[in-house]
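Sequence positions, counted from 1, serve as the residue numbers for this chain.
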Amino acid sequence: GKLEMVVNNLLSNAIRYGRPGGEIRISIKMTDENRCFVGIENDGDVIPEGKMKMIWEKFYRVENSRSKDNGGSGLGLAIVKNILELHEADYGAYNLAEASGVCFYFALKTVEELYD
């Protein structure tokens with residue numbers, strides 16, 4: 001249930017901060033390290049590099065001028081961070097090439113890795 005919350009939050013953010021009528025892309029694959037990688041990307045505005053680390057903190061919002069009508073409370077990514085850390089997942093975000101959007105991702109251990 002908690003991982004479902006992670007995916008729902010990342011999808012909601014991709015939609016909220018994407019271009020109107022734009023695309024949301026989801027990729028799921030196995031990594032070379034035998035982890036399950038999930039990436040969710042949009043084609044919205046990029047996150048300034050200096051603010052990329054702060055997006056995971058409670059109540060942080062990239063653009064302070066956004067009202068609650070246009071954005072959330074600033075808790076969503078902090079909750080995502082907490083859940084993913086409890087699952088010992090790798091996670092993060094990066095801007096796509098040519099300022100064409102943002103990708104949020106996480107990589108979970110597989111059952112095989114958990115019991116090795």
Side-chain angles (χ1 to χ4, degrees):
K2 298 295 182 191
L3 289 175
E4 183 177 345
M5 186 183 301
V6 166
V7 172
N8 282 337
N9 183 283
L10 295 179
L11 279 172
S12 294
N13 282 356
I15 293 166
R16 181 180 294 128
Y17 299 114
R19 238 179 349 103
E23 290 185 7
I24 306 298
R25 292 171 294 282
I26 302 168
S27 58
I28 302 172
K29 62 184 176 182
M30 292 302 294
T31 68
D32 292 339
E33 295 83 29
N34 201 32
R35 289 189 169 221
C36 178
F37 173 91
V38 178
I40 299 172
E41 57 186 59
N42 70 9
D43 55 3
D45 293 335
V46 298
I47 299 171
E49 289 300 325
K51 297 183 177 188
M52 193 64 82
K53 288 183 182 179
M54 295 182 284
I55 62 175
W56 304 101
E57 301 305 319
K58 289 180 185 174
F59 305 114
Y60 184 78
R61 296 173 69 181
V62 172
E63 188 180 319
N64 292 329
S65 64
R66 289 188 180 170
S67 70
K68 275 193 169 181
D69 296 335
N70 296 334
S73 64
L75 287 173
L77 290 178
I79 292 169
V80 165
K81 172 186 172 183
N82 183 263
I83 292 169
L84 292 175
E85 286 179 352
L86 289 171
H87 282 84
E88 299 178 18
D90 296 326
Y91 65 93
Y94 59 87
N95 293 318
L96 300 173
E98 299 177 25
S100 61
V102 179
C103 178
F104 283 85
Y105 68 89
F106 60 94
L108 297 168
K109 293 180 178 180
T110 61
V111 173
E112 292 84 7
E113 185 178 358
L114 288 172
Y115 294 105
D116 276 348

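Residues passing the salt bridge (charged side-chain N to carboxylate O under 4.0 Å, His left out) test with E85: none are found, sequence neighbours excluded. For the ring pair (Phe, Tyr, Trp, His ring centres under 6.0 Å) test, no residue two or more places apart in sequence or in another chain qualifies with F106. R25 meets the side chain to side chain donor-acceptor pair (under 3.5 Å) test with E23, E41; sequence neighbours excluded. Applying the side chain to side chain contact (heavy atoms under 4.5 Å, CB included) rule to K53 yields no partners; only residues at least two apart in sequence or on another chain are considered. Checked against side chain to side chain contact (heavy atoms under 4.5 Å, CB included), I28 has the following partners two or more places apart in sequence or in another chain: I26, C36, V38. Remark: S27 engages no residue in a side chain to side chain donor-acceptor pair (under 3.5 Å) (not counting sequence neighbours).
Note that NZ of K81 is 9.5 Å distant from NZ of K58, once rounded to the nearest 0.5 Å. Atom OH of Y17 and atom CG of N42 lie 11.0 Å apart (nearest 0.5 Å). The distance from the NZ atom of K2 to the CG atom of L86 is 9.5 Å, given to the nearest 0.5 Å. To the nearest 0.5 angstrom, I15 atom CD1 is 9.5 Å from I40 atom CD1. In this structure, the separation between CD1 on I55 and CD on E57 is 10.0 Å, given to the nearest 0.5 Å.
A 4.5 Å side-chain heavy-atom check between D43 and V102 finds every atom pair outside the cut-off. In this structure, E49 and N95 have side chains that are in contact, with non-hydrogen atoms separated by less than 4.5 Å.
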Going by atom type alone, with no hydrogens or angles, which donor-acceptor pairs under 3.5 Å involve a side-chain atom of residues 4-11 and a protein atom two or more places apart or on another chain?
{"from": "N8", "atom 1": "ND2", "to": "E4", "atom 2": "O", "distance (Å)": "3.4"}
{"from": "N9", "atom 1": "OD1", "to": "N13", "atom 2": "ND2", "distance (Å)": "3.4"}

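Applying the salt bridge (charged side-chain N to carboxylate O under 4.0 Å, His left out) test to every pair with at least one member in residues 89-102, sequence neighbours left out, gives these pairs: R35-D90.
If you chain together ILVMFWY residues whose side-chain heavy atoms come under 4.5 Å of each other, Y105 ends up grouped with F37, Y94, L96.
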